[in-house]
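Residues: numbered from 1 along the sequence shown. These values consider heavy atoms only, across backbone and side chains, with no hydrogens, waters or symmetry-generated copies.
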Amino acid sequence: MTIATHSPQEVGKNTFKTLAKNHQHNLDSDYTEKIEELAKKFRYENEKSYYWSDPQFSFFYETPLYKQASESQKLALNHLFWNLLYKITADSEIELTHYNLITAGTLLKMGSEYELIAKQLEHETEQERVHIRTFYRVNYQTQKKLFGKPKKSDFAREPLSKHTPNKLLSRCIDAVNRKILSQQGKYKSPYFLELAEKNIAFVTPTQGFFNGFQRITPLSMLQLLVQSWGSSPFLACNFYGIRYLANLNLKAYEHNVVRYYKKQQKREEVLPIPSAISYYHFLDEAFHTTTSLFIGRDLYRQVPSPSAYEKLIANIAFYLTQRENFSHLSTIVPNRFTSDRTLLPYAYQILQSPIFGFSREESLHWLEKCLCQEHDGLHHNLQLHHNLLNEYRHFASKLDYLWSVNREMRLMSGGGSIEKAYRKVGVAIEQNKKAFQKFAQSV
């Protein structure tokens, strides 16, 4: 599939020109610095009386629990949604601090004209580190105030060296890649060697957007994908196609925050620091989104044509990303399209925290009403799901190497038609009933 009527040479020139311009605009901006300044000023006590985003982006939004909650409880649920979203975002950005550099090393081996792209990815990685520190700071303080202490399992992370992949397994995967990608061997990212020398894993111990499907596949599959992204220019570009999906997912929330932030400005009302952080993060990530789009959609046409094996790996990556990140429908968290099963302990903790102060029986009662019965919050999330699905399909339709199940985002849609997507409400409830019964017995 070609892009418009332009020749590959014209497309290539335009892609490099756009990426160069995008990089310069990023260098000239000061959004990262503003985010860092805001993080230093954040004190939860000063921000607790304001919504940090439109109320529709709140934990338990439009559930039976939310409809009977007090104003102070609704504020807390709005803040906890921010916490959860940016915990996942921080995890995803931790993953990117490796994957950006791994793929940059591969693209750089294509020639000197790719040097600017590699520098751009290095710069974006430095920005991600500032974002991560900011999110951890806000989340730590918020959790401490609302729960009495932060949840260590959610807001602390173990040293990467503890998660170094099995050496024999890594060697086997490396050998498979060298054998099958024999023509691409010269493109293997030198960043792998840097990590090996420091005894640091190239697969991070996080559960963000890129690592999330470890819950449904063996770690060895993720290792294979990362090795492949760092061994083939085509697969490096494939990674940025997946990164673009992550960019759009976050943008769906942050674009709303931008409107909320500007509305507050216009009314000359108080601008909460977390809202401002989201606003500037949206502007910062706009550069990263452009990078993802032009590498993932256009640059792959400029690198050596993919083999059948490379197309297979690219489609597996898209399929697993789609399956884990977008094939479900949360009943209690807006703009979340993964299973509620992993959220049950956290949701239970919210209900037993000083925010609600429910007993075990009361907490389980409300969990069951929110998780296992149809309510307005489910249909609200379905509409968000539908909006995002349309954007994803538009992007995926440009990638001629994708299988139809990926190009049409069939796992996300529920089978290839919008009508089938509405079955997700029933499916989500049935899945939650099973998960709830198991969870209720455990507590």
Side-chain angles (χ1 to χ4, degrees), residues 1-32 93 96-128 181 183-191 210 228-248 251 283-307 310-311 313-314 317-318 391 394-402:
M1 182 184 293
T2 57
I3 299 177
T5 57
H6 301 295
S7 69
Q9 291 77 16
E10 289 176 309
V11 172
K13 287 180 182 178
N14 290 335
T15 299
F16 282 108
K17 187 184 295 184
T18 300
L19 288 170
K21 188 182 294 185
N22 181 59
H23 180 46
Q24 189 58 53
H25 288 331
N26 194 356
L27 291 174
D28 294 340
S29 74
D30 63 350
Y31 306 137
T32 308
E93 293 187 343
L96 284 174
T97 59
H98 279 337
Y99 302 163
N100 281 354
L101 299 179
I102 286 170
T103 50
T106 298
L107 292 172
L108 187 57
K109 288 199 168 186
M110 282 288 295
S112 58
E113 67 270 29
Y114 286 80
E115 185 174 345
L116 179 68
I117 296 176
K119 287 182 178 178
Q120 183 170 341
L121 295 172
E122 289 174 6
H123 181 64
E124 290 181 5
T125 299
E126 290 305 313
Q127 291 176 311
E128 303 291 21
L181 297 175
Q183 299 302 313
Q184 308 279 16
K186 61 182 179 180
Y187 298 116
K188 189 171 180 64
S189 177
Y191 189 64
F210 307 93
S228 300
W229 289 333
S231 302
S232 155
F234 167 76
L235 289 172
C237 294
N238 165 251
F239 168 75
Y240 288 93
I242 291 171
R243 199 182 87 163
Y244 185 66
L245 301 183
N247 295 142
L248 288 184
K251 182 182 175 183
L283 298 177
D284 228 11
E285 286 292 320
F287 299 120
H288 302 193
T289 302
T290 299
T291 301
S292 298
L293 176 62
F294 280 86
I295 295 179
R297 186 193 65 188
D298 297 343
L299 192 68
Y300 85 87
R301 303 169 193 276
Q302 311 306 313
V303 302
S305 297
S307 64
E310 288 171 290
K311 288 183 180 180
I313 292 295
F318 254 86
E391 288 197 69
H394 177 72
F395 171 67
S397 69
K398 309 294 183 183
L399 308 182
D400 57 13
Y401 61 83
L402 289 182

Starting from the C-alpha separation in whole Å, work towards a yes-or-no answer on side-chain contact (heavy atoms from CB on, under 4.5 Å) for Leu108 and Tyr191.
CA-CA 11 Å; Leu108 187 57; Tyr191 189 64; over 6 Å; no

Would you sort out whether Thr291 and Gln120 count as a side-chain hydrogen bond (donor to acceptor under 3.5 Å, both in side chains), showing the intermediate values?
CA-CA 9 Å; Thr291 301; Gln120 183 170 341; 2.5 Å; yes

Restricting to non-hydrogen atoms, name the atom on [X] and the atom on [Y] that form the minimum distance, rounded to 0.1 Å.
{"X": "Lys398", "Y": "Arg301", "result": "O-NH2, 2.6 Å"}
{"X": "Arg297", "Y": "Leu399", "result": "CA-CD2, 3.8 Å"}
{"X": "Tyr401", "Y": "Ala314", "result": "CE1-CB, 3.7 Å"}
{"X": "Cys237", "Y": "Leu107", "result": "SG-CD2, 4.3 Å"}
{"X": "Leu235", "Y": "Glu310", "result": "CD2-O, 3.3 Å"}

Side chain to side chain, [X] and [Y], heavy atoms closer than 4.5 Å:
{"X": "Asn26", "Y": "Glu124", "result": "yes"}
{"X": "His23", "Y": "His123", "result": "yes"}
{"X": "Leu19", "Y": "Leu116", "result": "no"}

Got a donor-acceptor contact below 3.5 angstrom from the Ser189 side chain to the Gly230 backbone?
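Side chain of Ser189 to backbone of Gly230, a donor-acceptor pair under 3.5 Å: no, none is there.
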
Has Thr103 got a side-chain atom pairing as donor or acceptor with Tyr99's backbone, closer than 3.5 angstrom?
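Yes, the answer is positive, given that a donor and an acceptor are paired below the 3.5 Å cut-off.
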
Distance-only polar pair, side chains of His288 and Glu285, donor-acceptor under 3.5 Å:
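Present: a donor and an acceptor within the cut-off.
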
Will you find, in the side chains of Thr32 and Gln127, an N or O donor that is under 3.5 Å from an N or O acceptor?
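There is such a pair (donor and acceptor under 3.5 Å, judged by atom type) between the side chains of Thr32 and Gln127.
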
Step by step, work out the side-chain contact (heavy atoms from CB on, under 4.5 Å) result for Tyr240 and Ile117.
CA-CA 12 Å; Tyr240 288 93; Ile117 296 176; over 6 Å; no

Thr106 vs Lys188, side-chain contact (heavy atoms from CB on, under 4.5 Å): CA-CA, chis, key distance, verdict:
CA-CA 6 Å; Thr106 298; Lys188 189 171 180 64; over 6 Å; no

Please tell me whether Phe16 and Phe294 form a close aromatic pair, meaning their ring centres lie under 6.0 Å apart.
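Here the rings of Phe294 and Phe16 have centres that are no less than 6.0 Å from each other.
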
Under the side-chain contact (heavy atoms from CB on, under 4.5 Å) criterion, do Asn238 and Tyr300 qualify, and how do the steps go?
CA-CA 7 Å; Asn238 165 251; Tyr300 85 87; over 6 Å; no

May I have the step-by-step check of ring-ring contact (aromatic ring centres under 6.0 Å, His included) for Phe239 and Phe210, ending in yes or no?
CA-CA 10 Å; Phe239 168 75; Phe210 307 93; 5.4 Å; yes

